[in-house]
**Student:** 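Dumping the structure here so I can ask a few things about it.
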Amino acid sequence: AIAVFERLIKDAEEYLDSIHFNSLSAEEKKIAAASWPAVEEGSYFKLANLKYLLSDRRKVVEANRMAIEAGAYFNLANIKDLRGDKDEALKLYIKTTELAPRFLYAHDYLGTLYASLNRKEEAKAELSKAIDIDPAYLPAYIKLAGLYKSLGQQEKLELLYKKAVT
């Protein structure tokens with residue numbers, strides 16, 4: 001897999017050379033990277049692209065490897081969860097969040113699994129992380145509101161509602 005990435009990087013380098021991107025100064029590349037709104041901390045594919053823009057090609061392969069590894073753990077966790085192997089799914093979702101701490105869906109699914117296991121405090125923490133990552137992600141609000149309601153935490157439910165509508 002590393003060889004595939006290295007080839008992709010070489011191809012990308014040749015393409016960028018062909019459009020004269022490498023003629024930009026290091027400062028211009030930093031400005032371009034800073035103004036690129038798609039980049040966010042913890043998103044390994046985007047991090048790889050940012051590192052490329054900043055000419056740190058040695059770390060591009062590692063960032064892409066992390067993205068693929070996190071995605072593989074997440075997909076396997078989904079399969080285990082659907083097949084009823086909750087304990088294994090839990091371990092795999094946790095591993096996913098360790099590899100990609102800002103992977104929204106990993107926190108959402110982990111929170112949902114915790115809730116199904118009646119581990120409500122952990123569920124609330126994971127769903128809150130999902131909301132912190134993307135404050136517009138409605139499914140996490142709905143699930144977290146359900147937890148607050150089931151626990152009789154009316155004040156937290158009202159605060160969550162206010163956060164959701166602002």
Side-chain angles (χ1 to χ4, degrees), residues 1-9 11-12 36-53 56-166:
I2 298 294
V4 171
F5 285 124
E6 288 173 344
R7 181 65 208 161
L8 290 171
I9 291 165
D11 290 346
W36 185 34
V39 175
E40 58 186 69
E41 177 188 342
S43 176
Y44 290 104
F45 282 121
K46 293 173 184 172
L47 183 61
N49 289 330
L50 175 61
K51 288 184 181 299
Y52 187 84
L53 286 172
D56 192 356
R57 295 180 183 102
R58 291 171 287 134
K59 295 184 181 178
V60 172
V61 170
E62 179 62 17
N64 277 303
R65 186 194 65 75
M66 293 292 286
I68 288 172
E69 189 175 342
Y73 278 109
F74 181 73
N75 290 334
L76 186 56
N78 288 337
I79 292 167
K80 295 291 186 178
D81 194 7
L82 290 171
R83 290 186 175 166
D85 189 351
K86 305 297 184 187
D87 292 334
E88 190 62 24
L90 186 64
K91 291 175 192 172
L92 293 165
Y93 283 133
I94 290 169
K95 181 68 173 174
T96 303
T97 61
E98 290 169 353
L99 288 169
R102 293 191 50 83
F103 186 1
L104 168 71
Y105 300 108
H107 291 288
D108 177 23
Y109 284 47
L110 179 56
T112 302
L113 181 55
Y114 276 137
S116 75
L117 298 171
N118 206 31
R119 294 170 63 173
K120 294 183 179 183
E121 292 304 315
E122 291 154 304
K124 290 189 308 186
E126 291 302 322
L127 293 168
S128 293
K129 288 177 189 175
I131 291 169
D132 290 343
I133 293 166
D134 183 357
Y137 184 63
L138 189 58
Y141 284 99
I142 293 168
K143 294 171 189 176
L144 190 54
L147 285 170
Y148 286 149
K149 185 175 180 180
S150 73
L151 295 169
Q153 296 178 336
Q154 188 63 31
E155 287 181 22
K156 288 186 178 182
L157 183 59
E158 290 172 11
L159 288 172
L160 183 66
Y161 174 76
K162 288 177 185 175
K163 183 176 181 176
V165 298
T166 57

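Predicted model only: the values in this text are computed from it and were never measured.
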**Student:** With a cut-off of 3.5 Å and sequence neighbours excluded, list every side-chain donor-acceptor pair involving residues 133-142.
**Tutor:**
residue, atom, partner, partner atom, Å
D134, OD1, A136, N, 3.0
Y137, OH, D108, OD2, 2.5
Y141, OH, P135, O, 2.8

**Student:** Quick one: which residue pairs count as a salt bridge (charged side-chain N to carboxylate O under 4.0 Å, His left out) with a foot in residues 82-94, not counting sequence neighbours?
**Tutor:** D81-K86
**Student:** Which value, rounded to the nearest 0.5 Å, describes the distance between I94 atom CD1 and L113 atom CG?
**Tutor:** 8.5 Å
**Student:** Going from NZ on K163 to CG on L144, what distance comes out if it is rounded to the nearest 0.5 angstrom?
**Tutor:** 9.0 Å
**Student:** For side-chain contact (heavy atoms from CB on, under 4.5 Å), just list the numbers for Y114 and K120, CA-CA rounded to whole Å, side-chain angles, deciding distance to a tenth of an Å, and then say yes or no.
**Tutor:** CA-CA 6 Å; Y114 276 137; K120 294 183 179 183; over 6 Å; no
**Student:** Test I131 against L160 for side-chain contact (heavy atoms from CB on, under 4.5 Å), laying out the working first.
**Tutor:** CA-CA 10 Å; I131 291 169; L160 183 66; 4.0 Å; yes
**Student:** Which atom names give the shortest non-hydrogen contact between L90 and L117, and what distance separates them?
**Tutor:** CD2-CD1, 4.4 Å
**Student:** Compute the ring centroids of F74 and F103, then answer whether they are less than 6.0 Å apart.
**Tutor:** yes
**Student:** In Å, rounded to the nearest 0.5 Å, how long is the span from CD of E126 to CZ of R119?
**Tutor:** 10.5 Å
**Student:** So, for A123 and A115, which heavy atoms are closest and what is the spacing to 0.1 Å?
**Tutor:** CB-N, 3.5 Å
**Student:** Return the minimal non-hydrogen interatomic distance between T96 and A106, and the atom names on each side.
**Tutor:** CG2-CB, 3.6 Å
**Student:** Does the H107 side chain pair with the main chain of P101, one donor and one acceptor, at a distance under 3.5 Å?
**Tutor:** yes
**Student:** Please tabulate, one pair per line, all N/O donor-acceptor pairs under 3.5 Å involving side-chain atoms of residues 151-159, not counting sequence neighbours.
**Tutor:**
residue, atom, partner, partner atom, Å
Q153, OE1, K124, NZ, 3.1
Q154, NE2, E158, OE2, 3.4

